[in-house]
Amino acid sequence: MALYVQKYGGTSVGTVERIEAVAQKVKSFRDAGHQVVVVVSAMSGETNRLIGLAKSISDSPDPREMDVLVSTGEQVTIALLSMALQKIGVDARSFTGWQAGIHTDNVHMKARIEDINSDGMRAELDQGKVVIVAGFQGIDDDNNITTLGRGGSDTTGVALAAALKADECQIYTDVDGVYTTDPRVVPLARRMEKVTFEEMLEMASLGSKVLQIRSVEFAGKYKVPLRVLSSFQDGPGTLITTEENSSMENPVIAGIAFNRDEAKVTVKGVPDIPGVASRILVPVSDANIEVDMIIQNVSADGTTDFTFTVHRNDYSKALSILQRLASELGAASVSGTDDICKVSMVGVGMRSHAGVASKMFKTLADENINILAITTSEIKISVVIAEKYLELAVRALHKAFELDAEVAEEK
Ligand code: ASP
Ligand code: MG
């Protein structure tokens, strides 16, 4: 007998028929002798509808009242699912966030869970009931309803699994797992059997479409095995777990993530003297612009070039800050471009395999793709390239590192 926490997202409970299908699925786990705690989202579109209602009254609604409002979506689905289970002979009981003992801090609309008093849920489980909990919500010390930020039901699921020491937290969604890269770019992308928490966090740009990234951090911290799977078709999905529990033979590369929202800014011919980097970057960070990669060239004749990348939304702001600074810095020129992108290869196997970077660079060179910047960490190598080469680069790398579905099946 195992204890599973199963989270069903908005599309999985989007209609009464789908809620009844979820009830059947939960029943099959009960029939097999397992204990089940179910976390549900609001019916798809409902949270947006509620936010729309609030916005039609005020541009900046009171955050406390927003939480009272948006938490209602999940209260509907817990009750309906409980009814659907009872109708097919499964004993079930619904819990709102506070009834489930989910205590949070008092930051409305992006609260963090502080602790969970699971006694009430345990008592019901011990009586053989299925426990159904409203995702996304909790209560603060002053009994105010709070919510955890968009997509927060995933985090509720993981937090409950940690508190109840569940065997697995299963996230049921409308895709059948996490893929080696975006299948819209590489049709041969493959569902990963297993991926480590660390890899998943590095691949946030791929994973965040499937899972709230905060829930992955949470699961990694408490070592809760997390499985992403489809609620519409059977299959093993993707297991997100610790490195030890991930497969014996880790593939060198788990997946390839990419990000189009990049821009870069270059200051040319600045004097190569102490303090220049901070004189360039402090005004940028003071403007709340987050800098990603930073490259300083080797200096020639006492001057150097300085390049950094920012989110595309911050591009014109960053450029104008530097244009203002240019004369003060004694820079020769300031330039930039926002038609670049970042491609990252991620894998814990890199730690024990040399040559990943050189193979990556060679693959890109063979396609005549120029690398504009490079950064590395222990389990990730990222390059900046022209955006027009994004698809070509990701496909070539996916193939070169034998991630393509066909190649994998031939082995
Ligand atoms: N219903 C909330 C949202 O749409 C929480 C969730 O679905 O996870 O963001
Ligand atoms: Mg969701």
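Remember, predicted model here, so these are calculated numbers, not experimental data. One-based numbering, in listed order, for ligands and for the atoms of each. The first residue in the sequence is number 1, and the count goes up from there.
- Between K342 and the choices D292, T309, D261, the side-chain hydrogen bond (donor to acceptor under 3.5 Å, both in side chains) rule is met once, by D292.
- Checked by distance only, ligand 1 and G149 stay at 3.5 Å or farther apart across all their nitrogen or oxygen atoms.
- Every ring pair (Phe, Tyr, Trp, His ring centres under 6.0 Å) that Y8 has, sequence neighbours left out, goes to Y172.
- Of all heavy-atom pairs between T363 and A400, the closest is OG1-CB, 3.7 Å.
- Summarising the local packing, CZ of R112 is surrounded by 12 or fewer heavy atoms from other residues, nucleotides or ligands at distances under 6.0 Å.
- Against a heavy-atom cut-off of under 4.0 Å, R150 is close to the following atoms of ligand 1: 3 (C), 4 (O), 9 (O).
- Because its NZ or CZ atom is both nearer than 6.0 Å to the ring centre of F401 and within 45° of the ring axis, K359 counts as a cation-pi partner of that residue.
- Contact between G151 and ligand 1 is present, with at least one heavy atom of the residue lying under 4.0 Å from the ligand.
- Within ligand 1, counting atoms from 1 as listed, the ones closer than 4.0 Å to a heavy atom of S41 are 6 (C), 7 (O), 8 (O).
- Ring geometry for Y222 versus F218: interplanar angle of 30 to 60°, hence tilted.
- Under the 4.0 angstrom criterion for non-hydrogen atoms, G152 is in contact with ligand 1.
- When each atom of ligand 1 is checked for a heavy atom of S153 under 4.0 Å away, the hits are 5 (C), 6 (C), 7 (O), 8 (O).
- With a 4.0 Å heavy-atom cut-off, ligand 1 is reached by the side chain of E74 but not by its N, CA, C or O.
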